[in-house]
Participant: 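Below you will find the structure I want to go over with you.
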Amino acid sequence: MSGFTFQIDGVEITAKEGQTIMEAADEAGIYIPRLCDHEGLRHQGGCRVCTVKVGGRSVAACTEPAVAAQTVENETPHINKLRRDLVGMLFNEGNHLCPICEASGNCELQAMAYRLGMTEPTQFPYLEPCRPVDASHPDIALDNNRCISCGRCVRASQDVDGKGVFGYVGRGIHRYIAANGADLADTDAAVTDFAVSAEVCPVGCIIRKREGFARPIGERDYDQHLIGHDIEKKRDE
């Protein structure tokens, strides 16, 4: 497979034909923030947190193909302001009560806010939605008040598990994840499904019962390092 080079924030990196900007950046140890994208799932370009500038255009790094000799802007004040606004709106569109959430410390939305330096209230109003909570399944609960519509569970269930358990219902602020049955217990969802695994849901929407708060403070995913550390450490290896 032939390769070529392009630049991200002045750093020249090598890419392979067919790679997206994000895929090439990941291999080079350059982290581009993302929430809807996850390794092993088809790219969606929905959250726009991975927005970068290419030739003055704003594009989603997870879906935009890498091109030889192109110049990509990733870490600039303007782009990081855009990302803070996007993440802020995700917080304000849902009910994210971090201190009492089972995902606290392991939550990618929370970790992204820390990485972006978000420590003050945002300018946006809290919409405080009242979305369905489905705890009918013996092993799994679904709290849509924490959902950020990343679609990772939808794609994982469709493409990896081959079940299609999850899908969207409604539009706008009223959109939420629903199961393909009367309730979650009425589906073939299993706690062993990839879509239900701890790595797929980036927040505390999909909850595996009897596992909450199993890891003490100091041992959770983002207690020691910022989100993206696993990618950035490649540059030091």
Side-chain angles (χ1 to χ4, degrees), residues 1-87 90 106-109 111-118 148-162 194-195 197-203 221-222 224-237:
M1 184 178 293
S2 58
F4 56 87
T5 62
F6 70 100
Q7 288 192 355
I8 299 181
D9 292 336
V11 178
E12 186 171 86
I13 69 171
T14 300
K16 304 181 185 73
E17 293 291 341
Q19 281 189 318
T20 64
I21 292 174
M22 180 179 288
E23 288 169 341
D26 283 356
E27 287 191 3
I30 296 175
Y31 179 66
I32 299 176
R34 79 291 302 264
L35 286 172
C36 73
D37 199 75
H38 187 275
E39 186 176 1
L41 299 179
R42 55 186 157 89
H43 306 303
Q44 177 176 278
C47 73
R48 313 306 288 189
V49 176
C50 72
T51 295
V52 295
K53 285 284 186 99
V54 180
R57 296 185 304 114
S58 295
V59 299
C62 68
T63 57
E64 184 73 11
V67 176
Q70 70 183 351
T71 299
V72 178
E73 296 176 64
N74 174 42
E75 292 282 352
T76 70
H78 171 74
I79 293 173
N80 284 329
K81 168 65 165 56
L82 172 65
R83 290 170 178 161
R84 283 193 294 271
D85 286 345
L86 290 169
V87 172
L90 290 175
N106 301 311
C107 173
E108 293 179 32
L109 179 66
M112 189 62 67
Y114 281 125
R115 180 174 180 109
L116 295 173
M118 297 172 60
I148 60 171
S149 295
C150 69
R152 282 159 52 163
C153 64
V154 177
R155 286 170 282 152
S157 187
Q158 290 176 347
D159 302 341
V160 180
D161 299 325
F194 181 59
S197 65
E199 65 181 281
V200 169
C201 181
V203 289
D221 288 347
Y222 305 113
Q224 302 296 327
H225 302 287
L226 291 175
I227 189 170
H229 167 77
D230 56 330
I231 291 173
E232 291 176 324
K233 69 180 182 181
K234 295 177 183 177
R235 299 184 68 179
D236 301 324
E237 294 175 350

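Heavy atoms only: backbone and side chains are in, while hydrogens, waters and symmetry mates are out.
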Participant: Distance check, rounded to the nearest 0.5 Å: Arg57 atom CZ versus Thr51 atom OG1?
Facilitator: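 These two atoms lie 12.0 Å from each other.
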
Participant: Taking the side chain as C-beta and beyond, is there a heavy-atom pair between Leu41 and Asp159 under 4.5 Å?
Facilitator: no

Participant: Could you check Val72 against Glu64 for side chain to side chain contact (heavy atoms under 4.5 Å, CB included), going step by step and ending with a plain yes or no?
Facilitator: CA-CA 11 Å; Val72 178; Glu64 184 73 11; over 6 Å; no

Participant: Rounded to the nearest 0.5 Å, what separation is found between the CE atom of Met118 and the CZ atom of Arg84?
Facilitator: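 Going from CE on Met118 over to CZ on Arg84, the span is 8.0 Å.
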
Participant: Hey, does the side chain of Arg83 reach the backbone of Val49 with a donor-acceptor pair shorter than 3.5 angstrom?
Facilitator: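 Looks like yes, one N/O pair under 3.5 Å.
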
Participant: State, with a plain yes or no, whether a side-chain heavy atom of Ile231 is found less than 4.5 Å away from one of Ile30.
Facilitator: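 A side-chain contact is absent here, since even the closest heavy-atom pair is not under 4.5 Å.
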
Participant: Hey, is the main chain of Pro202 close enough, under 3.5 Å, to the side chain of His38 for a donor-acceptor pair?
Facilitator: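 Absent.
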
Participant: How long is the gap from CG on Leu226 to CZ on Arg115, to the nearest 0.5 Å?
Facilitator: 6.0 Å

Participant: So Val54 and Ile21, do their side chains get closer than 4.5 Å, heavy atoms only?
Facilitator: yes

Participant: What distance do Arg155 atom CZ and Cys150 atom SG have between them, rounded to the nearest 0.5 Å?
Facilitator: 6.5 Å

Participant: Looking at every heavy atom in both Cys62 and Cys50, which two are closest together, and how far apart are they?
Facilitator: N-SG, 3.5 Å

Participant: In Å and rounded to the nearest 0.5 Å, what is the CD to CZ distance from Glu108 to Arg34?
Facilitator: 9.0 Å

Participant: Could you tell me how the ring of His229 sits relative to the ring of His225: parallel (under 30°), tilted (30 to 60°) or perpendicular (over 60°)?
Facilitator: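 Ring orientation of His229 relative to His225: parallel.
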
Participant: List the atom of Pro33, the atom of Asn74, and the distance in Å for their closest heavy-atom pair.
Facilitator: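 Looking at all heavy atoms of both residues, the shortest contact is CD-OD1, 4.1 Å.
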
Participant: Please report the shortest heavy-atom distance between Asp221 and Asn106, naming the atom on each side.
Facilitator: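 The pair with the smallest heavy-atom distance is N-OD1, 2.8 Å.
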
Participant: Could you tell me the separation between the CG atom of Leu86 and the CG atom of Leu82, rounded to the nearest 0.5 Å?
Facilitator: 4.5 Å

Participant: Would you name the heavy atoms of Gly151 and Gln44 that are closest together and state the gap between them?
Facilitator: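 In this case the closest contact between Gly151 and Gln44 is CA-OE1, 4.1 Å.
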
Participant: Find out whether Leu109 and Val87 are in side-chain contact, i.e. whether some heavy atom of one side chain is under 4.5 Å from a heavy atom of the other.
Facilitator: yes

Participant: May I have the step-by-step check of side chain to side chain donor-acceptor pair (under 3.5 Å) for Glu73 and His78, ending in yes or no?
Facilitator: CA-CA 10 Å; Glu73 296 176 64; His78 171 74; over 6 Å; no

Participant: Ignoring hydrogens and angles, state whether a donor on the side chain of Glu75 or Asn80 is under 3.5 Å from an acceptor on the partner side chain.
Facilitator: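 Checked: Glu75/Asn80 side chains pair up, N/O donor to acceptor below 3.5 Å.
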
Participant: Would you check, one step at a time, whether the test side chain to side chain contact (heavy atoms under 4.5 Å, CB included) holds for Thr71 with Phe6?
Facilitator: CA-CA 6 Å; Thr71 299; Phe6 70 100; over 6 Å; no

Participant: Which atoms form the tightest heavy-atom contact between Lys53 and Ser58, and what is the distance?
Facilitator: CE-OG, 3.0 Å

Participant: Of all heavy-atom pairs between Val200 and Ala195, which one has the smallest distance, and what is that distance?
Facilitator: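 Where Val200 meets Ala195 most closely, the heavy atoms are CG1-O, 3.7 Å.
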
Participant: As a quick check of understanding, evaluate side chain to side chain contact (heavy atoms under 4.5 Å, CB included) for Val59 and Val52, giving each step before the final call.
Facilitator: CA-CA 6 Å; Val59 299; Val52 295; 3.8 Å; yes

Participant: Is there a donor-acceptor contact under 3.5 Å from the side chain of Asp37 to the main chain of His43?
Facilitator: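 No, because the side chain of Asp37 does not come within donor-acceptor range (under 3.5 Å) of the backbone of His43.
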
